[in-house]
Amino acid sequence: MTHTGTGTDWGKAHFEAIYNCPDPRRYFSTLQPLEYQIPHHGQAVFRALADTLQRHRGDRPPLRVVDLCCSYGLNAALLNHHVTLDDLYHRYTATGPDAPEGDRLAHADRTFYAARRRPGAARVTGIDAAEHAVGYAVAAELLDDGFAENLEADAASPELCRALAGTDLITVTGGVGYITARTFARLFDCVTAPPWVAAFVLRTVSYRPVSALLARAGLVTERLTTRTFRQRRFADDAERRAAFDALAARGLTVGGKEADGFYHAELYVSRPAADVAALPLAQLLPVF
């Protein structure tokens with residue numbers, strides 16, 4: 001996830017230096033001590049949603065997924081391959097004189113992921129303002145298409161619009177707050193029919209502007225009420241205080257959630273009304 005500087009800042013520590021490197025090693029080595037884990041939660045949720053969509057599609061071509069704020073293709077790696085987030089931490093924090101980097105690592109990753117490809121893998125298009133990160137994800141063949149575009153600042157390019165046609169599912173694990181309803185509006189200008197949208201959103205951020213935009217596009221948004229999801233530890237006391245202040249301003253308490261020292265995210269899933277009526281969220285994701 002890349003901080004574009006256009007959304008709400010709400011006191012988070014800045015990690016811009018790790019989001020646009022030639023490869024993901026610095027990203028993982030920086031976030032591992034903070035126990036960054038939201039992609040692990042996203043893996044289970046996105047696979048469940050993708051499996052449901054695929055069952056309802058029958059024999060149509062592979063599911064088309066768009067990952068917003070895709071960074072180095074982490075969500076695509078976890079969605080489409082027999083790997084865990086811990087596997088990726090181990091792979092990208094390895095050190096030593098023989099550890100590949102840059103183009104060599106991208107080449108090695110193509111072999112690594114090809115050997116672990118899940119049957120029926122989705123076709124994933126990634127969007128992120130960080131051109132090096134997107135380029136790496138494309139070179140490693142984690143993304144089928146990658147676009148280094150900032151939809152907060154500009155409309156989608158004609159090439160991106162063509163790639164978005166036929167999208168079945170939009171995913172985002174960390175971008176809402178840095179991206180706003182403006183990005184979603186520009187995406188929905190390109191899609192041929194409203195796709196499902198699954199977003200993990202920190203509790204410090206209101207999702208209401210995005211859900212209102214999605215409602216105008218014909219989608220009903222449900223929030224999973226049974227739990228929240230840890231994102232990562234607070235980087236320092238200043239970040240914790242800023243988060244607590246932001247939560248208080250939203251009328252939210254931290255007991256049983258951020259009081260444990262972690263940011264917590266909520267899951268929102270937006271679908272056409274007929275899909276919600278046929279399969280409410282509690283039945284769609286019964287184990288969460």
Side-chain angles (χ1 to χ4, degrees), residues 42-43 45-71 73-81 113 117-129 134-135 137-152 154-173 175-176 179 181-200 210-211 213-222 268-279 281 284-285:
Q43 179 182 40
V45 169
F46 299 157
R47 281 187 180 182
L49 298 179
D51 289 348
T52 298
L53 280 165
Q54 193 63 60
R55 284 197 302 271
H56 284 80
R57 288 162 47 90
D59 296 328
R60 288 171 56 193
L63 200 74
R64 299 179 70 93
V65 175
V66 171
D67 189 38
L68 284 177
C69 303
C70 67
S71 188
L74 178 53
N75 286 335
L78 294 172
L79 174 66
N80 279 336
H81 304 87
Y113 288 111
R117 188 84 166 172
R118 298 176 73 220
R123 179 177 180 84
V124 182
T125 295
I127 305 171
D128 198 295
V134 173
V138 171
E141 298 183 354
L142 290 170
L143 298 178
D144 297 281
D145 293 296
F147 295 89
E149 301 192 20
N150 182 349
L151 300 185
E152 287 294 296
D154 300 296
S157 67
E159 294 79 12
L160 174 54
C161 259
R162 285 193 291 271
L164 292 173
T167 297
D168 298 294
L169 173 65
I170 294 173
T171 60
V172 57
T173 50
V176 176
I179 61 171
R182 183 183 301 112
T183 286
F184 288 88
R186 286 170 167 161
L187 286 176
F188 274 72
D189 284 342
C190 298
V191 299
T192 50
W196 289 13
V197 180
F200 286 88
V210 175
S211 63
L213 180 281
L214 298 179
R216 293 194 291 274
L219 299 182
V220 174
T221 297
E222 297 173 284
Y268 295 87
V269 179
S270 306
R271 297 175 291 156
D275 292 344
V276 173
L279 191 64
L281 188 60
L284 178 62
L285 299 173

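The shown structure was predicted, so the numbers you read here are calculated from the model rather than taken from an experiment.
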Can you measure from CG (Leu219) to CD1 (Ile170) and round to the nearest 0.5 angstrom? 8.5 Å

Quick one: CG on Leu74 to CD on Gln43, what's the gap to the nearest 0.5 Å? 9.0 Å

Donor-acceptor contact below 3.5 Å, side chain Asp144 vs main chain Val124: yes

If every non-hydrogen atom of Cys161 is compared with every non-hydrogen atom of Ala156, which pair is closest and at what distance? SG-CB, 4.2 Å

With side chain to side chain contact (heavy atoms under 4.5 Å, CB included) as the test, would you mind laying out the steps for Leu49 and Leu284 before giving the verdict? CA-CA 8 Å; Leu49 298 179; Leu284 178 62; 3.4 Å; yes

Show the atom names and distances, to 0.1 Å, of all donor-acceptor pairs under 3.5 Å that link a side chain in residues 189-199 to residues at least two apart or in another chain.
unit_1: Thr192; atom_1: OG1; unit_2: Gly166; atom_2: N; d: 3.2
unit_1: Trp196; atom_1: NE1; unit_2: Asp275; atom_2: OD2; d: 3.0

Partners of Phe147 by ring-ring contact (aromatic ring centres under 6.0 Å, His included), sequence neighbours excluded? none

Quick check against the 3.5 Å criterion: does Arg47 have a side-chain atom that pairs as donor or acceptor with the backbone of Leu78? yes

If you measure from CZ on Arg271 to CG on Leu214, what distance do you get to the nearest 0.5 Å? 13.0 Å

Scanning both residues in full, the closest heavy-atom pair of Arg117 with Ala121 reads NE-CB, 3.4 Å

State the CG-OG1 distance between Leu68 and Thr183, to the nearest 0.5 angstrom. 7.0 Å

Under the side-chain hydrogen bond (donor to acceptor under 3.5 Å, both in side chains) test, which residues partner Arg162, sequence neighbours left out? none

Taking salt bridge (Lys or Arg N to Asp or Glu O under 4.0 Å) as the test, write out the residues that go with Glu149, two or more places apart. none

Under the ring-ring contact (aromatic ring centres under 6.0 Å, His included) rule, collect the residues that match up with Phe46, sequence neighbours excluded. Phe200

Inter-residue atom distance Asn80.CG - Leu143.CG, 0.5 Å rounding: 10.0 Å

Measure the spacing between CD1 of Ile127 and CG of Leu151 and express it to the nearest 0.5 Å. 5.5 Å

State which residues pass side-chain hydrogen bond (donor to acceptor under 3.5 Å, both in side chains) with Ser211; sequence neighbours excluded, sorted by chain then number. none

Assess the residue pair Cys70 and Asn75 against the criterion (side chain to side chain contact (heavy atoms under 4.5 Å, CB included)); give the C-alpha distance rounded to whole Å, side-chain angles, the decisive distance to 0.1 Å, and a yes or no. CA-CA 7 Å; Cys70 67; Asn75 286 335; over 6 Å; no

Mind listing the closest non-hydrogen atom pair of Leu79 and Ala122 along with its distance? CD2-CB, 4.1 Å

What's the shortest heavy-atom distance between Leu285 and Ala48, and which atoms? CD2-CB, 3.7 Å

Looking only at non-hydrogen atoms, find the nearest pair between Ser270 and Thr221 and report the distance. OG-OG1, 2.6 Å

Check salt bridge (Lys or Arg N to Asp or Glu O under 4.0 Å) between Arg64 and all other residues, then give those that pass, not counting sequence neighbours. none

Judged by modelled atom types alone, do Arg55 and Thr52 share a side-chain donor-acceptor pair under 3.5 Å? yes

Tell me every residue that passes side-chain contact (heavy atoms from CB on, under 4.5 Å) with Ala217, counting only those two or more places apart in sequence or in another chain. Phe188

Sorted by chain and residue number, the side-chain contact (heavy atoms from CB on, under 4.5 Å) partners of Glu141 (sequence neighbours excluded) come out as Arg110

Under the side-chain hydrogen bond (donor to acceptor under 3.5 Å, both in side chains) test, residues paired with Thr171 that sit two or more places apart: Asp67

Sorted by chain and residue number, the side-chain hydrogen bond (donor to acceptor under 3.5 Å, both in side chains) partners of Arg123 (sequence neighbours excluded) come out as Asp145

